[in-house]
Novice: 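Structure in C-alpha cells, see below.
Keep in mind that the numbers below use all heavy atoms, side chains included, and drop hydrogens, waters and symmetry copies.
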Amino acid sequence: HNALNEINFAGVDSVEVMRGPTSSLYGSNAVGGAVNFLTAAPSLTPEAWAGLRGREQGYARLDAGVSGTAGELGARLSYYRSEVNDGWRQFSDSQKDSLSARVDYVLSDYSLLKTVASYTDLYTDMTGSLGESDYRNNPEKSYQTFTERTDVNSRVSTSLETDWSDVTSTRATLFWRDNSHGQIPSYSLGSCVPVSPATTCTTNGRQNDNSYTSYGVDSQVSHGLGFMDSRVIFGAGWDRTGNDYDEDNLAVLREFRASGVLDMTLAHSKATAWCDSATDAPRHGGLSPFGEE
C-alpha cells in the first residue's frame, strides 16, 4: 500500500526501522524517520527457489529467484507476483509484478561495488466507501467499477563502499529512478441528490497521472569515536527531479433508489488541468474545471 507498493518482498533480506531524523543516513527527506528495506545479498553458493501461496478468496502469490557467486562477482535475481481475482468484495482485483537484481563486485579486501536495480508494475481496482446500510448488510458491494490505480516504477543505484580503517568508512552512491503513478481515485467522487422524479444526477470525479524522473548522488563518511560504541556520520547529497502532473475532471452519473445509491458510472471527461516543475499553479486546457467554456 502506498510507499510499500514498489517493494519486491521476494528480494528483501531484512527491515530497518529508524525513528527520528536520519538525513545523514538516508537523505534529506528522512526528517521524521525511515523504514529501510534491505536488499538481500548474493549467496556464496548457487541456489534457486520458488514458492506459491494462495487462499480460497482469490489471492495468489509467487516468489522466485536465483543467486550465486563466482570469484569476486556475486548476483541475485528475485521475482514477486501477487494477484487478487474475484475476491470477497466486488471490484477488488489487483495484480503486481516486481523484479529486482543485486550485483556485488569485490574490488579489494576493503572495497565493495554494489549495484541494485528494480522494476515494479502494479494495477489495482479501487473500491470506495459505502453507505451505512450497505456497510452493515452488504459489505461486499462496490458502487462503481471504474476507479483504479496504476504504478510503474524503476530504480537503479550503484554504491562504492570502502573501509579505510577499523573506525572510518565511506560510501558514495549514484542513483536513477523513474515513477509513473496514475489513478481514478474513489475518494474524489463527489455527491449529488437527484431532483424528483429523476433517479439520477451527475457529479464530479478526477483522473490524474503523476510522473517523475530523478537522478543524483549521495555520499557518507562514518567515523567511530572509540567510546560507548558511538560514531559520527557526515552526509551530503544532490538530487535532480523533474515532475509532471496531469489531471482530468470527470463527469460521474449517480443512480439512486429508495435503498440508496445503486451505481456510479463514468460519463465523460469534462476538463483537463496540468502542472509542471516550473510552477505550482495549474493551467487548464479545453473546458474549465467547472465545465464553463
Novice: Can you tell me if Asp244 uses its side chain to pair, donor with acceptor, with the backbone of Asn210 under 3.5 Å?
Specialist: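 Judged by distance alone, no pair lies under 3.5 Å.
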Novice: Determine, stepwise, if the pair Glu6 / Arg155 fulfils salt bridge (Lys or Arg N to Asp or Glu O under 4.0 Å).
Specialist: CA-CA 10 Å; Glu6 64 188 57; Arg155 301 278 189 274; 3.0 Å; yes
Novice: Spell out, yes or no, whether Leu4 and Val17 are grouped together once hydrophobic residues are joined by side-chain heavy atoms under 4.5 Å, including indirect joins.
Specialist: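 Shared cluster, yes.
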Novice: Does Asn85 reach the side chain of Gln95, with side-chain heavy atoms less than 4.5 Å apart?
Specialist: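 In contact.
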Novice: Give a yes or no on whether the backbone of Met126 and the side-chain of Gln144 come within a donor-acceptor separation of less than 3.5 Å.
Specialist: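 Between the backbone of Met126 and the side chain of Gln144 there is a qualifying donor-acceptor contact (under 3.5 Å).
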Novice: Are the charged groups of Asp13 and Arg76 less than 4.0 angstrom apart, N to O?
Specialist: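 No, this pair does not count.
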Novice: Assess, by modelled atom type and distance only, whether the side chains of Ser214 and Arg177 contain a donor and an acceptor separated by less than 3.5 Å.
Specialist: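 There is such a pair between these side chains.
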Novice: Test Phe175 against Val116 for side-chain contact (heavy atoms from CB on, under 4.5 Å), laying out the working first.
Specialist: CA-CA 9 Å; Phe175 62 85; Val116 178; over 6 Å; no
Novice: Quick check for you: to the nearest 0.5 Å, what is the distance between Phe37 atom CZ and Ser118 atom OG?
Specialist: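 Phe37 CZ to Ser118 OG: 13.0 Å, rounded to 0.5 Å.
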Novice: Other hydrophobic cluster members with Val221, side-chain heavy atoms of Ile/Leu/Val/Met/Phe/Trp/Tyr under 4.5 Å, chained?
Specialist: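 Direct or chained contacts put Val221 with none.
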Novice: Which heavy atom of Leu189 sits nearest a heavy atom of Gly205, and at what distance?
Specialist: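 Heavy-atom minimum between the residues: CD2-CA, 4.1 Å.
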Novice: Heavy-atom distance under 4.5 Å between the side chains of Asp209 and Ser180, does that happen here?
Specialist: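 Side-chain contact under 4.5 Å: yes.
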Novice: Does Tyr105 sit in a hydrophobic cluster with other residues, and if so which ones, taking ILVMFWY side chains as linked at heavy-atom separations under 4.5 Å, directly or through other members?
Specialist: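 ILVMFWY cluster around Tyr105 also holds Leu73, Val103, Leu107, Leu113, Leu160.
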Novice: Which atoms form the tightest heavy-atom contact between Asn8 and Ser78, and what is the distance?
Specialist: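 Smallest heavy-atom distance, with atoms named: ND2-O, 3.1 Å.
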Novice: Can you measure from CG (Leu62) to OG (Ser82) and round to the nearest 0.5 angstrom?
Specialist: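 Answer rounded to 0.5 Å: 10.0 Å.
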Novice: Please report the C-alpha distance between Glu247 and Arg206 in whole Å, then the side-chain angles of each, then the deciding distance to 0.1 Å, and finally whether the salt bridge (Lys or Arg N to Asp or Glu O under 4.0 Å) criterion is met.
Specialist: CA-CA 7 Å; Glu247 181 175 285; Arg206 298 286 188 273; 3.5 Å; yes
Novice: Is the backbone N or O of Asp93 less than 3.5 Å from a side-chain atom of Asp125, with the two atoms forming a donor-acceptor pair by type?
Specialist: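 Checked: pair present.
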Novice: Could you tell me whether the side chain of Lys96 and the main chain of Tyr123 form a donor-acceptor pair under 3.5 Å?
Specialist: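 The answer is no, because no donor-acceptor pair under 3.5 Å joins these two groups.
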Novice: Under 3.5 Å, is there a donor-acceptor pair linking the side chains of Asp178 and Thr213?
Specialist: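 Yes, Thr213 and Asp178 have a side-chain donor paired with an acceptor closer than 3.5 Å.
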Novice: Between the side chain of Ser43 and the main-chain N/O of Pro46, is any donor-acceptor distance below 3.5 Å?
Specialist: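 Answer holds: no.
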Novice: Is it the case that more than 12 heavy atoms not belonging to Leu44 sit under 6.0 Å from its CG atom?
Specialist: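 Counting other residues, nucleotides and ligands, CG of Leu44 stays at 12 neighbours or fewer.
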Novice: Between Arg254 (side chain) and Gly190 (backbone), is there a donor-acceptor pair under 3.5 Å?
Specialist: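 Checking the backbone N and O of Gly190 against the side chain of Arg254, a donor-acceptor pair under 3.5 Å is found.
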Novice: If I take atom CG from residue Leu112 and atom CG from residue Asp163, how far apart are they, to the nearest 0.5 angstrom?
Specialist: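 Answer for the CG-CG pair, Leu112 versus Asp163, is 9.5 Å.
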Novice: Applying side chain to side chain contact (heavy atoms under 4.5 Å, CB included), can you list everything that pairs with Asn36, at least two apart in sequence or on another chain?
Specialist: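 Per chain and number, Asn36 pairs via side chain to side chain contact (heavy atoms under 4.5 Å, CB included) with Glu16, Tyr26, Leu38.
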Novice: Determine, for Arg81 against Asp97, whether the closest basic-nitrogen to carboxylate-oxygen distance falls under 4.0 angstrom.
Specialist: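 Salt bridge between Arg81 and Asp97, a charged N being under 4.0 Å from a carboxylate O: yes.
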Novice: What I want to check is whether the side chains of Asn204 and Asn249 have a donor and an acceptor closer together than 3.5 Å.
Specialist: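 Per modelled atom types, Asn204 and Asn249 side chains form no pair under 3.5 Å.
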Novice: Any link between Tyr143 and Ile184 through a network of hydrophobic side chains (Ile, Leu, Val, Met, Phe, Trp, Tyr) touching at under 4.5 Å?
Specialist: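 The answer is yes; both residues are in one hydrophobic cluster.
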Novice: Looking only at heavy atoms, which two atoms of Cys192 and Thr203 are closest? And how far apart?
Specialist: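 What the structure gives for the nearest pair is SG-CB, 4.0 Å.
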Novice: Please check this pair: side chain of Ser92 against backbone of Arg89, looking for a donor-acceptor N/O pair closer than 3.5 Å.
Specialist: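 Checked: pair present.
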Novice: Starting from Val84, can I reach Tyr80 by hopping between I/L/V/M/F/W/Y residues whose side chains sit under 4.5 Å apart?
Specialist: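 In one cluster: yes.
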Novice: Hey, is Arg53 close enough to Asp63 for a salt bridge, meaning N to O under 4.0 Å?
Specialist: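 Yes, this pair counts.
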Novice: What's the spacing between Leu122 CG and Asn5 CG if we round to 0.5 Å?
Specialist: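 That separation rounds to 5.5 Å.
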Novice: Do NZ/NE/NH1/NH2 and the carboxylate oxygens of Arg136 and Asp134 come within less than 4.0 Å?
Specialist: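 No, no charged N to carboxylate O under 4.0 Å.
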Novice: Determine which pairs satisfy side chain to side chain donor-acceptor pair (under 3.5 Å) with at least one residue from residues 223-238, sequence neighbours left out, and list them in order.
Specialist: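 Sorted pair list: Thr168-His223, Ser222-Arg231.
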Novice: Could you go step by step and tell me if Lys114 and Arg102 meet the side-chain contact (heavy atoms from CB on, under 4.5 Å) rule?
Specialist: CA-CA 7 Å; Lys114 180 176 68 177; Arg102 172 172 166 174; 3.4 Å; yes
Novice: Do Thr120 and Ser98 have side-chain N/O donor and acceptor atoms under 3.5 Å apart?
Specialist: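 Yes, side-chain donor-acceptor contact under 3.5 Å.
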Novice: Is it the case that over 12 heavy atoms from other parts of the model lie below 6.0 angstrom from the CH2 atom of Trp164?
Specialist: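 It does not: Trp164 CH2 has 12 such atoms or fewer within range.
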Novice: Go through the structure and list residues passing side chain to side chain contact (heavy atoms under 4.5 Å, CB included) with Ser159, not counting sequence neighbours.
Specialist: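 With sequence neighbours excluded, Ser159 shows a side chain to side chain contact (heavy atoms under 4.5 Å, CB included) to Glu161, Arg171, Thr173, given in chain and number order.
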Novice: Hydrophobic clusters here meaning ILVMFWY residues chained together by side-chain heavy-atom distances under 4.5 Å, can you tell me if Val167 and Leu225 are in one?
Specialist: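 Val167 and Leu225: separate clusters.
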Novice: How close do Asn138 and Leu130 get, counting heavy atoms only, and between which atoms?
Specialist: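 Smallest interatomic distance, heavy atoms only, reads O-CD1, 3.9 Å.
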Novice: Is the count of non-hydrogen atoms from other residues, nucleotides or ligands lying under 6.0 Å from Asp166 atom CG greater than 12?
Specialist: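 Open: at most 12 neighbouring heavy atoms sit under 6.0 Å from CG of Asp166.
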Novice: Verify side-chain contact (heavy atoms from CB on, under 4.5 Å) between Thr150 and His181, making sure each step is shown before the conclusion.
Specialist: CA-CA 6 Å; Thr150 60; His181 170 79; over 6 Å; no
Novice: So which atom in Ala75 and which in Pro42 form the shortest heavy-atom distance, rounded to 0.1 Å?
Specialist: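 Answer, listing the atom of Ala75 first, then Pro42: N-CB, 3.3 Å.
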Novice: Can you hop from Phe9 to Val15 via hydrophobic side chains spaced under 4.5 Å?
Specialist: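 In one cluster: yes.
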Novice: If every non-hydrogen atom of Trp49 is compared with every non-hydrogen atom of Ala10, which pair is closest and at what distance?
Specialist: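 Residues Trp49 and Ala10, closest heavy atoms: CZ2-O, 4.4 Å.
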Novice: Run the side-chain contact (heavy atoms from CB on, under 4.5 Å) check on Asp218 and Leu174 step by step: do they pass?
Specialist: CA-CA 7 Å; Asp218 184 78; Leu174 297 173; over 6 Å; no
Novice: Measuring from atom CG of Asn153 to atom CG of Asn179, what distance do you get when rounded to the nearest 0.5 angstrom?
Specialist: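 It comes to 4.5 Å.
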Novice: At what distance, to the nearest 0.5 angstrom, does CG of Asn243 lie from OG of Ser211?
Specialist: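 It is 6.5 Å, given to the nearest 0.5 Å.
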Novice: Apart from Tyr119 itself, what residues make up its hydrophobic cluster when side-chain heavy atoms of I, L, V, M, F, W and Y under 4.5 Å apart count as a link, directly or indirectly?
Specialist: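 Result for Tyr119 is Val152.
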Novice: Between the main-chain N or O of Ala236 and the side-chain N or O of Ser219, is there a donor-acceptor pair closer than 3.5 Å?
Specialist: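 Indeed, once roles are kept as given, a pair shorter than 3.5 Å links the two residues.
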